[in-house]
Visitor: 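Provided herewith is a single structure, encoded as structure tokens, for subsequent inquiry.
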Amino acid sequence: MEYILECRKIFKSFGGVQALRGVDFTLRSGEVHALVGENGAGKSTLIKIISGALLPDRGDIFYMGQPVRIDSPRKAQEIGISTVYQEPLVYSELSVLENIFLGREIRTPWGNIDWKREEEQARSLFASLGLPHHFLREPMGELSVGLQQLVLIAKALVYEAKVIIFDEPTAILTEHETERLFTIIRKLRDQGVGIIYISHRLEEIFRIADRVTVMRDGEVRGEFPITAVDRAKIVELMAGKLLVEEIARRGVKGDHPLLSVQGLTRRPRFFDISFDLFPGEILGFFGLVGSGRTDVAQTIFGLFRPESGKVFFDGREVSFGSPEEAMQAGIAYLPEDRKVQGLFPIQSVAYNISVTVLRELVRRLGIVDVRKERDIAEKHIRELNIKTPNLKTRVYSLSGGNQQKVVLAKWLSVTPKLLILDEPTRGIDVASKSEIHNLIAHLADQGLAVMMISSELPEILKMSDRVVVMHEGRITGVFEGPEKTAENIIRAATGERMAVAGGVGV
Amino acid sequence: MKRVLDYIVENRVLFLLVLFVALFVVFAVSVPGFFTFYNLTNMTQYGVELGLLALAEMLVILSGGGGIDLSVGSMLTIVAMIIGVLIGRVGLNPSLSILLGLFAGAGMGYLNGVLVSYTGILPFIVTLASLYIYKSLALIIAVDPRFGPNPMPVSNFPESFYFVGQYRIAGIPFQVLCIFIPVILLLWLLLEKSIFGRYLYGVGSNEKAALFSGINVCRVRVTVYTLSGILSALSGWIITSRIASARPDIGTGYELQAITIAVLGGVSIKGGEGSIGGVVLGIAIITLLYNGMQLAGIHQIWQLGSLGVVLVGSVLLNQVLLARRKI
Amino acid sequence: EAKYRIAFVPKLIGIPYFNAMEEGGKKAAQDLDVEFIYTGPVTADVAKQIEIIDNLITQGVDAIAVAPNDPAAITPVLKKAKEKGILVMTSDTDGAQDVRDLFVNQALQNEIGYTVMDELAKAMNYEGEFAIVSCGPTAWNLNIWIAYELERLAQYPKMKLVTIRYAEEDVQMAINVMLDLINAFPNLKGVIGQCSTSAPGVAEAIEQAGKSGQIVATGLSVPSMMAKYVKSGTVKSFVLWNPIDLGYLTVWAAKYLLDGNQFEDGKEYEVPGIETKPKYIAKDKMLVLGPPKVFDASNIDQYMFF
Amino acid sequence: MTNTGFRKVLRRREFTVLGLIVLLVVLFSLTTERFMSVSNLSNLLLQLAGTAISAIGMTMVIITGGIDVSVGSTLGMASVVAGKLLVGGYSPFLVLLSALGTGLVIGLFNGTLIAFGNVPPIIVTLGMMSILRSLMYQLLGGRWISGIPPAIRVIGLGKWLGVPISMWITVVLIAFFTYFLSSRPLGRAIYAVGNNPEAARVSGIDLRRTTLFVYAVLGALAGFAGLVYVARTGIVQTNTGSGFELEVIAAVVLGGTSILGGRGTIIGSLLGAFLVGIIKNGMVLLNVPALSEGLVVGVLIILSVMIDVIRARGERS
Ligand SMILES: Nc1ncnc2c1ncn2[C@@H]1O[C@H](COP(=O)(O)OP(=O)(O)OP(=O)(O)O)[C@@H](O)[C@H]1O
Ligand SMILES: Nc1ncnc2c1ncn2[C@@H]1O[C@H](COP(=O)(O)OP(=O)(O)OP(=O)(O)O)[C@@H](O)[C@H]1O
Ligand SMILES: [Mg+2]
Ligand SMILES: [Mg+2]
């Protein structure tokens, strides 16, 4: 038996969309097999089929040499396939502990749930992941998306699986957590587990994978040992073209800041935050998951009231009571959690893109100009290369990356003075990402002020004029010019005291 | 052919349309007296009052967040009583009384809306409480001292008051032609064409995302509950005029029927999904069924049961066909 | 020639009282060779009743008799029926006098209220506190009877009404309400169960609370439900009429008028199928079945069939 | 830990309702002499048993994000079946089984259509309600059942240690299902399904089985409540149980179960039932005019949830 898992000629279509066209895929025990491809290539669809969440139209799956029919997630779990899905699937009302164990509880001899042993097991697991575990009994909904993702990763590891699938586990994680994850993946690999790893961060692929399969338009475009390819080759196979990605931010500074934050505090999330942001500037915000960047941004956007501190915008002191007011003043905020805060999943693509600009499309008596609405949607679909069957398609049926593009489009279609981007390129493929970066840089060049929160260091380094680093709710460093190095930023992000943790460099 | 079938199954409105036509044909062929101009126009009046409530329910359910209005029946009742008491016992000018009644409806709906959106109490609880409160108030204002401590209906209206509920224009009941159809058209504009409609669907399908998109979620919700109050009030006015009597028990049990029609019409109880066409067809189907079965002389008891069967059966059929098509 | 089609629309279907009327109507239809249609709403809902009558008009029946849930509300549709040449009658409860051709009355309303009050007073020995447990707070004729009961109360100065409560058409609710009342008013001596569900309900509650003998119940209900409590003494007597006869009379009168006959004022008619001699009162266009009937231990066994 | 644990209890909806109940009890005991009497309290318990028993099942249904408006007619149907068999002289045990069985079959039917047919719960159960009412009319033919033999009536009227037997049964059922919901995998799955069906599906929970289960349990419990009804009133009417559904749902929702699913407890529902029951009882004792009963109940409902809202506000600032 050479392969633990073998997929042969898998086909899958959704209505008119052919998502998979005869995909072959294999996985050995004790290897990390990376799966890459542009947004909508069919990666998630493939792993959903392997994990029993979807049924293929045609094709065979062999598991440990035997043909199997994985017709439910339960079946997949029973035979030893564990999955971390791209979209975090959580029970927000239930405790973290239950999120981990529901469906596969540890039981007492009486058949009751053995909370004690579950908690013990979860604790030791979290400890080995280097995660805090004081929140095991807290409702899952109170955790940030990043933490939720870590919990879901832990969940996949609870059971001794033979195959573990990670669908973009790191899209929302910082280098720090990513590093921990890699340590675990290597350990699992050495224990003989087969791992499928999907990511758009190609650097990661080169660090962790043994083999890589490139997909495009529902087909496999190539499969190589990792040593046999380079970045350029993969990008070319994925996107069908070569990429030029060079942006040099030189650091702009005006006379008057557009946004000036002074001593902003909202315990226990953040303390004494002060910074200036100038028109035309891209101000990067870096920090570990939970460092409070999102809270700062959302407070500026009027979602929370600060306890103390002042915000000056456009020369006036402001205190927005709601996002509506902030938007009217000229601030737009792209939220980090696209599923919960960004998308209207059951509405159409066109709707999702145009909803933020409807006020400008109104003709008379509140009647919307449908033609203009459609034009705006079409323009953004083209610009961001969103893969969708048509304008009326409901957003939930798009691939993860394309959903993210829709959220982005929604915020790029407004013309604010300040654009706050919270993890804007989460889950977006390399080619599109570089186009989006160009777009943002272009907007900044035209005078837009951008506050860009990202957990991806290369993105921060590449895009920002200046970088603000946060750690546990405080600003621990502002870097520009030659100071703006990975070393400095990471040191500030981990709280100065800790030296650079083993191998966290890029 | 298969594509056409697929399309019908997928699109709830079309499916309901087919169902409607099928029922219509069956009744037209088999029930004497059904397929006459008189009957077809006459029966429309019976869909109006419940229909307005179903439309109200549609708006509220669309707004999501567990949106539901259990108080529509009670609002109808209390508005009927207000109009009745003002005209019949106080002797106020009918037009003024009606106006006051409609204002009262709007006010009560507004109150529901404010409680729902600014306190975060679930609509179910808010409107359950107002169901009790409005109903009780209706009984209290209906008390007629001439009959001891008992609530009594009011029925001494001037002839002009019956115009809405009992007159016809070209054979078509006035309330259908001059109130129901215009209301439907207005709501259609509101939902399909206006910015408010866009916002409503947004709030209903993802409240958080709506908030982040700069939509004033509270204002949208308050508006739909207020509209629900107004529609219920209209319904209360029409029914009072039609039956020539303002009764403190008239709207009892209407809320569940209204919700059912909205859901039958394809409005998702989770919010953000559903169209006015579906709900209007839902109303049409229920009205048709009652009329057809009664003319066919089917016993009331069986009518009740068959209504249940049709209700569940039609949705089930739709779902089963949908599921079969997916495989 | 086709048979006459005579329809009767009760306030609601599925309760023993109107079932009994249906039975009488059917019997009459058989005896008189007419077609009898019995249809009504499943709850006492006037809007539904109107819709049903409207559809009967569409069907083109010859006569419609109705027990209106709301006399005023039913008027427009009855007017419409009359315009279509249909014989329009009310039975059990009256409608607007000018639209109906005849009202078949079980007994005069004031007499019903007075009789109930008298029976209660007798059972309570003309003194003490009592309560009324009615059904829907909006039931038109119940409220009228209550009004007459209260009018009659003036004759019994030592009796005092403590409260009126409502229990819908639900025996269990009547039991609950009565149990609470027994607790709330320790000096309670009597109770009127105003309708056919609340009367047995209050009697049941008195027995469950062990107050039989201390509190007496009376009211309006059917013998089959009340017999148990009459036998145990909780109920000394209660009031009603014979609804089977009322149903019979309704159909008989319809046929009589359809045949082109006229009633004469003050005349008592001999109707073959029923036990009383109905009397016609011309100024009210009303045919009265007879005085309200009082049921007690002496006669209840004869009437157990309804 | 214990401190925050305690604080968490205080913050719960159940606690608010309990507090309100205590307040009302004190209020009514001070203003009326009869409220605290044995006979009044035992009445209160007798009146609430049926609601409380059905509320157990309704809580589970609502936690899954569903609703069942056919409980009233399920109760009615079961009491028709039980009543007919009792009058026919069948053994009480057989009657018990058939009442439970009737409810169970109805519940299974509802559950099947909802879980396997994907029909919205409100449509299924509303349809079921009309169908059952129709069947009840047919079975009874408009005649009511009376003359229930005394043997069975002990379930409805009997007492043990001064507390009605029906309440003892309720207590046992509540204890069992509370344990079930908090400690059994299937119990937790009910919460999972209500909270996030898609997540539940991929974590290997059988959505359909879980859905079917809750409706079946509710059906059976409503069937049992039907038997209690017959035992208590001794009469079965055609409209037995109409309006009961709203009473049960109100109790559940007042007790803190979210109509959106995923959250709630059975104890809360019991407290919710008591809250409404005590308010109604108190109003008779205080002789508040019957017509304003709804006014008082409604205002108190709003007040009771307002307390939660205000407390949540206070905590945040
Ligand atoms: N439920 C669905 N209904 C309709 N189409 C779907 C559905 N799920 C996926 N698709 C379509 O299938 C195609 C492949 O999607 P998939 O999610 O597998 O892409 P992906 O490779 O994971 O992309 P990404 O990198 O953006 O996550 C896309 O075109 C998508 O629109
Ligand atoms: N360590 C933590 N434990 C519990 N809850 C947390 C934690 N970190 C964040 N949260 C919750 O997540 C929400 C998002 O806050 P925050 O901005 O701090 O997280 P984040 O988005 O992960 O931060 P960042 O954007 O810096 O990565 C907060 O409201 C907070 O309640
Ligand atoms: Mg994907
Ligand atoms: Mg963040």
Side-chain angles (χ1 to χ4, degrees), chain A residues 14-16 55 57 298 301-303 320-329 331-348 350-370 373 394-396 407 410-411 413-414 416 420 422, chain B residues 2-3 6-7 9-12 61-66 117-118 185-223 266-275 322-323 325-327:
Chain A
F14 298 99
L55 279 177
D57 296 341
Q298 294 188 348
F301 191 53
L303 278 155
F320 301 121
S322 70
E324 195 193 11
E325 288 174 24
M327 281 185 74
Q328 271 158 10
I331 302 181
Y333 169 73
L334 174 134
E336 66 176 338
D337 188 342
R338 66 165 168 259
K339 198 169 178 186
V340 175
Q341 301 160 340
L343 288 173
F344 302 96
I346 55 175
Q347 307 299 342
S348 70
Y351 178 94
N352 271 278
I353 294 176
S354 65
V355 67
T356 43
V357 287
L358 287 176
R359 283 200 186 90
E360 290 153 35
L361 304 181
V362 168
R363 284 183 310 189
R364 251 171 298 126
L365 297 167
I367 302 295
V368 176
D369 187 335
V370 185
E373 192 182 9
R394 296 184 183 206
V395 158
Y396 69 77
V407 183
K410 175 166 108 181
W411 291 109
S413 52
V414 285
I420 307 175
D422 199 346
Chain B
K2 181 151 184 316
R3 286 208 65 97
D6 277 0
Y7 197 63
V9 168
E10 251 173 74
N11 188 327
R12 181 61 153 278
I61 297 176
L62 271 181
S63 78
S117 20
Y118 291 99
L185 289 177
L186 276 177
L187 286 182
W188 176 79
L189 269 179
L190 190 73
L191 288 185
E192 303 289 324
K193 299 285 167 209
S194 82
I195 188 164
F196 177 81
R198 296 284 201 285
Y199 285 170
L200 176 57
Y201 280 99
V203 169
S205 50
N206 188 350
E207 177 181 338
K208 274 248 177 70
L211 182 72
F212 276 84
S213 306
I215 297 173
N216 190 329
V217 175
C218 289
R219 194 186 305 145
V220 171
R221 292 240 166 94
V222 171
T223 310
V267 178
S268 157
I269 207 85
K270 295 197 192 88
E273 197 177 3
S275 68
L322 207 63
R325 191 194 55 90
K326 269 192 182 146
I327 292 165

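Protein chains get the first letters and strands the later ones, always in sequence-line order, with residue 1 at the start of each. Please read all numbers here as calculations on a predicted model, not as lab measurements.
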Visitor: Under 6.0 Å between the ring centres of A/Tyr333 and B/Phe212?
Guide: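 Yes, close enough.
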Visitor: Measuring from B/Leu189:CG to A/Leu365:CG, what's the distance to the nearest 0.5 Å?
Guide: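 If I round to the nearest 0.5 Å, the distance is 9.5 Å.
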Visitor: A/Arg338 versus chain B, heavy atoms under 4.5 Å apart: side chain, backbone, both or neither?
Guide: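 Contact with chain B involves no heavy atom of A/Arg338 at all.
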Visitor: Please classify the contact of A/Val368 with chain B as side chain, backbone, both or neither, using a heavy-atom distance under 4.5 Å.
Guide: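 Contact with chain B is through both the backbone and side chain of A/Val368.
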Visitor: Side chain from CB out, backbone as N, CA, C, O: work out which of these in A/Leu334 comes under 4.5 Å of a heavy atom of chain B, or both, or neither.
Guide: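 Neither; nothing under 4.5 Å.
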Visitor: List the atom of B/Ile195, the atom of A/Val362, and the distance in Å for their closest heavy-atom pair.
Guide: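 Taking B/Ile195 first and A/Val362 second, the nearest heavy atoms are CD1-CG2, 3.6 Å.
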Visitor: Hey, does the side chain of B/Asn216 reach the backbone of A/Glu324 with a donor-acceptor pair shorter than 3.5 angstrom?
Guide: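 It does not hold such a pair.
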Visitor: Can you sort out the partners of A/Ile346 under side-chain contact (heavy atoms from CB on, under 4.5 Å), two or more places apart, ordered by chain and number?
Guide: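 By the side-chain contact (heavy atoms from CB on, under 4.5 Å) rule, A/Ile346 matches A/Arg394, A/Tyr396, B/Ser205, B/Glu273.
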Visitor: Mind checking the CD1-CG spacing from B/Ile215 to A/Leu358? Nearest 0.5 Å is all I need.
Guide: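 With rounding to 0.5 Å, CD1 (B/Ile215) is 7.5 Å from CG (A/Leu358).
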Visitor: Could you tell me which non-hydrogen atom of B/Tyr199 sits nearest to which non-hydrogen atom of A/Val355, and how far apart they are?
Guide: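 Between these two residues, the closest heavy atoms are CE2-O, 4.1 Å.
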Visitor: Any donor and acceptor pair, going by atom type alone, linking the side chain of A/Tyr351 with main-chain N or O of B/Arg198 inside 3.5 Å?
Guide: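 Yes: the side chain of A/Tyr351 pairs with the backbone of B/Arg198.
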Visitor: Tell me, for A/Phe301 versus chain B, whether the close heavy atoms (under 4.5 Å) come from the side chain, the backbone, both or neither.
Guide: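 The answer is the side chain of A/Phe301.
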Visitor: Pick one of side chain, backbone, both or neither for A/Leu343, based on which atoms fall under 4.5 Å of a heavy atom in chain B.
Guide: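 For A/Leu343, the contact with chain B is made by the backbone alone.
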Visitor: Minimum heavy-atom separation for A/Met327 to B/Ser213, with atom names?
Guide: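 Residues A/Met327 and B/Ser213, closest heavy atoms: SD-O, 3.2 Å.
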Visitor: To the nearest 0.5 angstrom, please state how far the CG atom of A/Leu303 sits from the NZ atom of B/Lys208.
Guide: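 Going from CG on A/Leu303 over to NZ on B/Lys208, the span is 9.5 Å.
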Visitor: Using non-hydrogen atoms only, which part of A/Gln298 is less than 4.5 Å away from chain B: side chain, backbone, both, or neither?
Guide: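 Looking at A/Gln298, just its side chain touches chain B.
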Visitor: Just give me the residue among A/Gln347, A/Gln328, A/Gln341 that pairs up with chain B most often, heavy atom to heavy atom, under 4.5 Å.
Guide: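 That would be A/Gln341.
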Visitor: Go through the atoms of A/Lys339 and report whether side chain, backbone, both or neither lie under 4.5 Å from a heavy atom of chain B.
Guide: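 The answer is the backbone of A/Lys339.
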Visitor: Go through the atoms of A/Glu325 and report whether side chain, backbone, both or neither lie under 4.5 Å from a heavy atom of chain B.
Guide: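 Neither the backbone nor the side chain of A/Glu325 comes within 4.5 Å of chain B.
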